[in-house]
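Nothing here was measured: the structure is a model prediction, and the numbers come from that model. Atoms within each ligand, like the ligands themselves, are counted from 1 in listed order. No hydrogens, no waters, no symmetry mates; every other heavy atom, side chains included, goes into these values.
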Amino acid sequence: MTGFDLHTHTTFSDGTTSPEDNVADAVALGLEGLGVTDHDTTGGFERARSAADGTDLELVLGTEFSAEHNGWSVHVLGYWIDPGHPPLADELHRLRDERTERARRIVERFNQLDVPITFERVAQLAGDAPIGRPHLAQAVVEVGAAADVREVFDRYLAEGRPAYVEKHAVPPDRAIELLTAAGGVTVLAHPGLFGPLQEGMDAMQVEHMAAAGLAGIEADHPDHTDAQRHGYRDLAVGLGLEITGGSDYHGDAKTNQLGCSTTPRAVVERLRSWVRA
Ligand code: AMP
Ligand code: ZN
Ligand code: FE
Ligand code: FE
């Protein structure tokens with residue numbers, strides 16, 4: 001397997017595998033590079049770095065940053081960021097608190113729907129990670145209200161379903177500004193998963209982000225249809241942006257396999273020194 005898997009999660013957010021696991025599995029698959037992109041945290045950087053030390057695997061450390069547009073989630077991948085940059089670190093801190101408050105509101109929704117989960121158990125499942133919907137889903141499966149995480153999302157937690165609560169997050173252009181100011185290069189994650197029925201982001205919305213400094217579009221994502229992959233590839237080409245791919249691997253929390261979508265080395269090299277043409 002060649003190329004870079006530029007989008008993976010670990011136990012530092014809502015994945016079920018450690019940074020060491022992701023690095024070892026990427027090496028075993030023969031990947032050239034690995035992105036470690038936990039939601040709204042840079043907490044896994046050191047562990048990933050130590051694990052990759054002495055291997056041929058090239059790490060691309062980043063975060064999958066939560067933004068929102070019209071109340072719907074927009075995820076912006078920020079690579080090569082300085083984790084200590086104050087405005088970014090402050091917003092990441094705020095997002096973590098926001099996720100905790102949102103989890104309390106989601107637990108209340110479930111309780112109103114007669115699903116007896118507790119905030120304490122959800123917090124325990126998240127451990128030190130910012131709380132995400134997969135942690136809530138896991139708690140719901142534990143009390144027997146659904147067979148698996150997928151069913152919890154389909155019935156309750158997907159955007160537009162009864163236990164969905166939005167995060168208060170910055171708009172995408174502000175997210176790009178924060179990540180870029182911290183030395184990062186930004187890529188729009190899975191634009192096809194935006195909106196209530198996953199109708200995807202339209203060209204105007206992406207164009208607005210491009211004007212704010214976006215460098216690439218993650219057109220190759222396992223949850224995109226072939227039509228979406230082609231559509232977002234064409235959009236990237238039209239806007240002079242890079243086309244990337246990543247698996248959005250979450251261990252057992254999702255069915256996505258590590259390395260199922262990748263980015264060629266040449267694209268990673270262009271991203272690393274990205275300057276708008
Ligand atoms: P959050 O950041 O708390 O809104 O949670 C987002 C995460 O939930 C995503 O990264 C996915 O891991 C997971 N997720 C979102 N939608 C679904 C879905 N329909 N099925 C399974 N997992 C999902
Ligand atoms: Zn996730
Ligand atoms: Fe995402
Ligand atoms: Fe992700």
Side-chain angles (χ1 to χ4, degrees), residues 5-17 22 34-41 43-44 60 62-69 71-79 92 95-107 109-110 119 122-123 125-126 129-141 146-170 175 186-200 218 220-224 244-258 260-261:
D5 183 341
L6 284 183
H7 187 162
T8 74
H9 296 269
T10 75
T11 45
F12 279 84
S13 66
D14 54 8
T16 62
T17 52
N22 287 19
L34 177 74
V36 177
T37 54
D38 280 304
H39 297 281
D40 305 325
T41 180
V60 179
T63 184
E64 184 177 13
F65 188 92
S66 295
E68 66 168 333
H69 178 65
W72 304 112
S73 294
V74 176
H75 289 170
V76 181
L77 294 158
Y79 298 114
L92 291 178
L95 273 166
R96 169 182 285 261
D97 291 348
E98 166 68 15
R99 282 176 167 282
T100 301
E101 283 315 302
R102 171 191 185 229
R104 290 185 194 279
R105 296 199 293 274
I106 293 176
V107 167
R109 291 275 185 95
F110 273 115
F119 174 78
V122 172
L125 288 168
I131 304 176
R133 281 180 286 162
H135 300 121
L136 287 136
Q138 204 183 330
V140 172
V141 172
D148 54 27
V149 165
R150 174 139 298 268
E151 186 188 335
V152 182
F153 271 91
D154 289 347
R155 284 172 58 191
Y156 302 103
L157 272 180
E159 302 195 32
R161 302 301 298 158
Y164 177 71
V165 174
E166 70 181 80
K167 284 190 290 287
H168 299 292
V170 300
T186 54
V187 169
L188 174 58
H190 50 64
L193 304 190
F194 176 80
L197 299 167
Q198 307 205 331
E199 84 273 27
E218 186 185 57
D220 290 325
H221 184 280
D223 297 333
H224 280 172
T244 74
S247 66
D248 210 353
Y249 179 66
H250 278 73
D252 293 335
K254 265 190 154 185
T255 54
N256 310 9
Q257 296 298 304
L258 189 70
C260 68
S261 292

Exactly one candidate in T255, D14, N256 meets side chain to side chain donor-acceptor pair (under 3.5 Å) with H250; the answer is D14
Less than 4.5 Å apart, side chain to side chain, heavy atoms only: is that true for L34 and L258?
yes
If you scan protein heavy atoms around atom 22 (N) of ligand 1, the nearest is F153 CE1, 3.4 Å
Let me have the donor-acceptor pairs involving side chains of residues 158-169, under 3.5 Å, with sequence neighbours excluded, atom names and distances please.
from : atom 1 : to   : atom 2 : distance (Å)
R161 : NE     : D154 : O      : 3.0
R161 : NE     : R155 : O      : 3.3
R161 : NH2    : R155 : O      : 3.3

among protein heavy atoms, the one nearest atom 11 (C) of ligand 1 is K254 CE, 3.7 Å
Under-2.8 Å neighbours of the Fe ion (ligand 4), protein N/O/S atoms only:
4
In chain order, what residues pass the side-chain hydrogen bond (donor to acceptor under 3.5 Å, both in side chains) check against D5, with sequence neighbours excluded?
S247
For V149, is the nearest heavy atom under 4.0 Å from an atom of ligand 1?
no
Interatomic distance, E98 atom CD to S66 atom OG [nearest 0.5 angstrom]:
9.5 Å
Side chain to side chain contact (heavy atoms under 4.5 Å, CB included) assessment of I106 paired with Y156:
CA-CA 10 Å; I106 293 176; Y156 302 103; over 6 Å; no
Under 4.0 Å, heavy atoms only, figure out whether ligand 1 is touched by the backbone of D154, its side chain, both or neither.
neither
Donor-acceptor contact present, side-chain T186 to main-chain G78, <3.5 Å:
no
Measure K167 to ligand 1 on non-hydrogen atoms and call it side chain, backbone, both or neither using the 4.0 Å cut-off.
side chain
Would you check the N or O atoms of H250, main chain and side chain alike, for any that come under 3.5 Å of an N or O of ligand 1?
yes
Is it the side chain (CB and beyond), the backbone, both or neither of H39 that lies under 4.0 Å from ligand 1, heavy atoms counted?
side chain
Any R102 heavy atom less than 4.0 Å to ligand 1:
yes
Nitrogen or oxygen atoms of D248 and ligand 1 under 3.5 Å apart:
no
Test side chain to side chain donor-acceptor pair (under 3.5 Å) on H190 and Q198; report intermediate values, then the result.
CA-CA 10 Å; H190 50 64; Q198 307 205 331; over 6 Å; no
For D223, does the CG atom have more than 12 heavy-atom neighbours from other residues, nucleotides or ligands under 6.0 Å away?
yes
Is any protein N, O or S atom closer than 2.8 Å to the Zn ion (ligand 2), and if so, which?
D14 OD1, D14 OD2, H39 NE2, H250 NE2
Between T63 and D40 (side chain of the first, backbone of the second, donor and acceptor by atom type, cut-off under 3.5 Å), is there such a pair?
yes
Answer whether the closest heavy-atom distance between the side chains of E218 and H224 falls below 4.5 Å.
no
Flag yes if more than 12 heavy atoms outside R150 fall under 6.0 Å of its CZ atom; otherwise flag no.
no
When you compare the side chain of Y249 with that of T17, does any pair of heavy atoms fall below 4.5 Å?
yes
Could you see which bit of E166 sits under 4.0 Å from ligand 1, with heavy atoms only: side chain, backbone, both or neither?
neither
4.0 Å heavy-atom contact, R99 with ligand 1:
yes
Of the protein's non-hydrogen atoms, which lies at the shortest distance from atom 7 (C) of ligand 1, and what is that distance?
D14 OD2, 3.7 Å
What are the two closest non-hydrogen atoms of F119 and A103, and how far apart are they?
CE1-CB, 4.1 Å
Nearest protein heavy atom to atom 6 (C) of ligand 1, by residue and atom, and its distance?
R133 NH2, 3.7 Å
Check the pair S261, D220 against side chain to side chain donor-acceptor pair (under 3.5 Å), reporting the backbone distance first and the verdict last.
CA-CA 6 Å; S261 292; D220 290 325; 6.0 Å; no
Could you work out, for atom 8 (O) of ligand 1, the closest of P134, G132, S66, A158 by heavy-atom distance?
P134
Decide yes or no for H9 and K254: does some side-chain heavy atom of the first lie under 4.5 Å from some side-chain heavy atom of the second?
no
